[in-house]
Amino acid sequence: MDEIQLTPLARELGLRLVPAHVGVIMDGNGRWAQKRGMPRMMGHRAGVETLRDVIRFSSDVGIQVLSLYAFSTENWKRPADEVGGLMRLLVEFLYKEIDELDANGVRIRFMGDIDALPAPQHKAVEYGLEKTKDNTGLIVNIALNYGARAEIARAARELAAAAVRGELDAAAITEQSVTDALYTAGLPDVDLVIRTSGEMRLSNFMLYQCSYAEFYFPEVLWPDFSKEEYAKVLLQFQQRDRRYGGVK
Ligand code: IPE
Ligand code: IPE
Ligand code: MG
């Protein structure tokens, strides 16, 4: 939470505090396209336009980390042409948008099983990481081939292996040790989760990091999610009484 240094846009919107870490489950692209009698891929393409605006807005309003659910470990179940289309769109996005993101000081991170991705996607990911690695602005953390349960299992494997090597006392494993073994090591906990399209579930998104997050479920489909809608969510977020189990 950054309560002191507000950006000009944050002030203009009447914000007193801005969440440090926002997670976004960009849902509803397929329905958006189907409603218009278009192929689902057109919805994903329209979703990229929203994504560009949301990244820009997040940066302008002073959010530190924006985690974006781009492709889940379960999304491989979709028809092969949709999976292929999404994979191509990812590569296209990274090569096309990176210069502007870079110019705005954005630093890209990824979470998920990136090594299991096909070579072109893997290369595009490396390109994005390399190109933005020295930037100090908004961190855009892209969940790609990501599942929270897989992430936690991976952390458990890492900690167990360290214990077997004698580098770690198993009895001394703390919540912080687990936090540090997740993909999000070094990032603040998620303060706010936004899932568009009216679905009210996490679908395996950042289970550990969302322990005390606030949730918003706007009805709009992702391609229709606007800056105005985002501003509304942020204004409502600051009214929430976050007690963390205590009393106020
Ligand atoms: C979210 O939109 C984007 C990804 C999962 C990549 P969907 O494709 O899930 O859209 P709906 O939920 O079918 O409308
Ligand atoms: C979650 O949306 C994954 C992404 C937005 C990338 P889904 O559309 O895949 O989730 P379910 O199947 O409705 O739970
Ligand atoms: Mg969906």
Side-chain angles (χ1 to χ4, degrees), residues 21-55 58 65-97 108-114 116-118 120-122 124-125 128 139-154 182-184 190 192-210 213 215-226 229-230 233:
H21 189 164
V22 176
V24 182
I25 305 176
M26 311 181 282
D27 200 15
N29 293 346
R31 276 164 283 169
W32 184 90
Q34 278 161 341
K35 261 183 22 186
R36 287 165 176 74
M38 302 184 326
R40 289 175 59 84
M41 264 330 283
M42 297 288 280
H44 295 311
R45 289 204 165 271
V48 171
E49 301 299 317
T50 304
L51 178 57
R52 192 181 294 127
D53 289 347
V54 164
I55 293 175
S58 301
V65 186
L66 178 68
S67 287
L68 300 163
Y69 211 177
F71 193 89
S72 76
T73 46
E74 288 75 32
N75 286 146
W76 296 105
K77 291 181 201 159
R78 295 188 179 204
D81 63 334
E82 185 171 347
V83 170
L86 283 167
M87 288 293 150
R88 277 191 296 278
L89 192 58
L90 168 78
V91 170
E92 197 183 303
F93 173 80
L94 285 170
Y95 288 119
K96 264 200 193 158
E97 303 292 331
I108 305 268
R109 266 175 85 135
F110 289 89
M111 55 177 184
D113 191 359
I114 301 303
L117 292 174
Q121 281 66 32
H122 201 262
V125 161
I139 295 172
V140 171
N141 179 39
I142 304 175
L144 187 58
N145 195 13
Y146 173 84
R149 287 183 170 186
E151 175 184 39
I152 294 167
R154 174 181 168 274
L182 299 175
Y183 291 120
T184 45
V190 176
L192 167 66
V193 174
I194 303 170
R195 180 175 189 151
T196 54
S197 88
E199 307 292 357
M200 298 186 199
R201 54 176 171 265
L202 278 176
S203 302
N204 208 8
F205 183 67
M206 304 188 88
L207 302 181
Y208 196 88
Q209 298 91 335
C210 286
F215 290 84
Y216 278 92
F217 300 104
E219 287 290 327
V220 290
L221 303 173
W222 177 249
D224 293 329
F225 186 70
S226 60
E229 199 89 25
Y230 195 2
V233 172

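Atoms within a ligand are numbered from 1 in the order they appear, just like the ligands themselves. Count residues from 1 along the sequence.
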Using atom types as modelled and distance alone, determine if a side-chain donor or acceptor of [X] lies under 3.5 Å from a backbone N or O of [Y].
{"X": "R195", "Y": "R201", "result": "yes"}
{"X": "N145", "Y": "G112", "result": "no"}
{"X": "W32", "Y": "G43", "result": "no"}

Practice item. Pick one of side chain, backbone, both or neither for how H44 approaches ligand 1, counting any non-hydrogen atom pair under 4.0 Å. Key: side chain

Review point. Counting heavy atoms only, which part of E199 comes closer than 4.0 Å to ligand 1: side chain, backbone, both or neither?
Key: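 None of E199 does.
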
Check your understanding: Relative to ligand 2, is F71 under 4.0 angstrom through side chain, backbone, both or neither, heavy atoms considered?
Key ->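 Within the 4.0 Å criterion, F71 contacts ligand 2 through backbone atoms alone.
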
Exercise for review: Please work out whether any backbone atom (N, CA, C, O) or any side-chain heavy atom from C-beta onward of R78 is under 4.0 Å from ligand 2, and answer side chain, backbone, both or neither.
Suggested key: side chain

Review point. Using a distance-only test with no angle check, is there a side-chain donor-acceptor pair under 3.5 angstrom linking D53 and T50?
Key: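 D53 vs T50: no donor-acceptor pair found between side chains.
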
Practice item. May I ask you to check whether D27 brings an N, O or S atom to under 2.8 Å from the Mg ion (ligand 3)? Key: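 Yes, within the cut-off.
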
Check your understanding: Would you call L51 and F93 a side-chain contact if the rule is heavy atoms closer than 4.5 Å?
Key -> yes

Review point. Hey, does I55 have a side-chain heavy atom less than 4.5 Å from the side chain of L66?
Key: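 Side chain of L66 against side chain of I55, heavy atoms only: contact under 4.5 Å found.
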
Review point. Using 4.0 Å as the upper bound for N to carboxylate O, is an ion pair formed by R45 and E92?
Key: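 Looking at E92 and R45, the cut-off is met.
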
**Study point:** Sidechain N-carboxylate O distance under 4.0 Å for E151, R154
**Key:** no

Could you tell me the residue and atom name of the protein heavy atom closest to [atom], and the distance to it rounded to 0.1 Å?
{"atom": "atom 6 (C) of ligand 2", "value": "Y69 O, 3.3 Å"}
{"atom": "atom 3 (C) of ligand 1", "value": "M26 O, 3.5 Å"}
{"atom": "atom 14 (O) of ligand 2", "value": "S203 OG, 2.6 Å"}
{"atom": "atom 10 (O) of ligand 2", "value": "R195 NH2, 3.2 Å"}
{"atom": "atom 13 (O) of ligand 1", "value": "R40 NH2, 2.9 Å"}

**Study point:** Rounded distance [0.5 Å steps], OG in S67 versus OH in Y146
**Key:** 8.5 Å

Review point. Quick one: does S197 get a heavy atom under 4.0 Å from ligand 1?
Key: no

Study note, to complete from the structure: Atoms of ligand 1 under 4.0 Å from any heavy atom of A70, numbered from 1 in the order shown, are 6 (C)

Check your understanding: If you count the atoms of ligand 1 from 1 in the order shown, which ones are under 4.0 Å from a heavy atom of R31?
Key ->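 Going through ligand 1 atom by atom, the ones under 4.0 Å from R31 are 11 (P), 12 (O), 14 (O).
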
Practice item. Name the orientation class of the two ring planes belonging to W76 and F71 (parallel below 30°, tilted from 30 to 60°, perpendicular beyond 60°). Key: perpendicular

Review point. What pair of heavy atoms forms the shortest contact from F205 to A148, and how long is it?
Key: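 Answer, listing the atom of F205 first, then A148: C-CB, 4.2 Å.
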
Exercise for review: Consider every N or O of D27 and every N or O of ligand 2, then say whether any pair is closer than 3.5 Å.
Suggested key: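 N/O-N/O distance under 3.5 Å: yes.
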
Review point. Do any N/O atoms on G30 end up under 3.5 angstrom from N/O atoms on ligand 1?
Key: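 So ligand 1 has an N or O lying under 3.5 Å from an N or O of G30.
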
Practice item. Could you list the atoms of ligand 2 found under 4.0 angstrom from a heavy atom of N75? Key: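 Those qualifying, in numeric order: 3 (C), 6 (C), 9 (O).
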
Review point. What are the atoms of ligand 2, with element, lying closer than 4.0 Å to any heavy atom of R201?
Key: 11 (P), 13 (O), 14 (O)

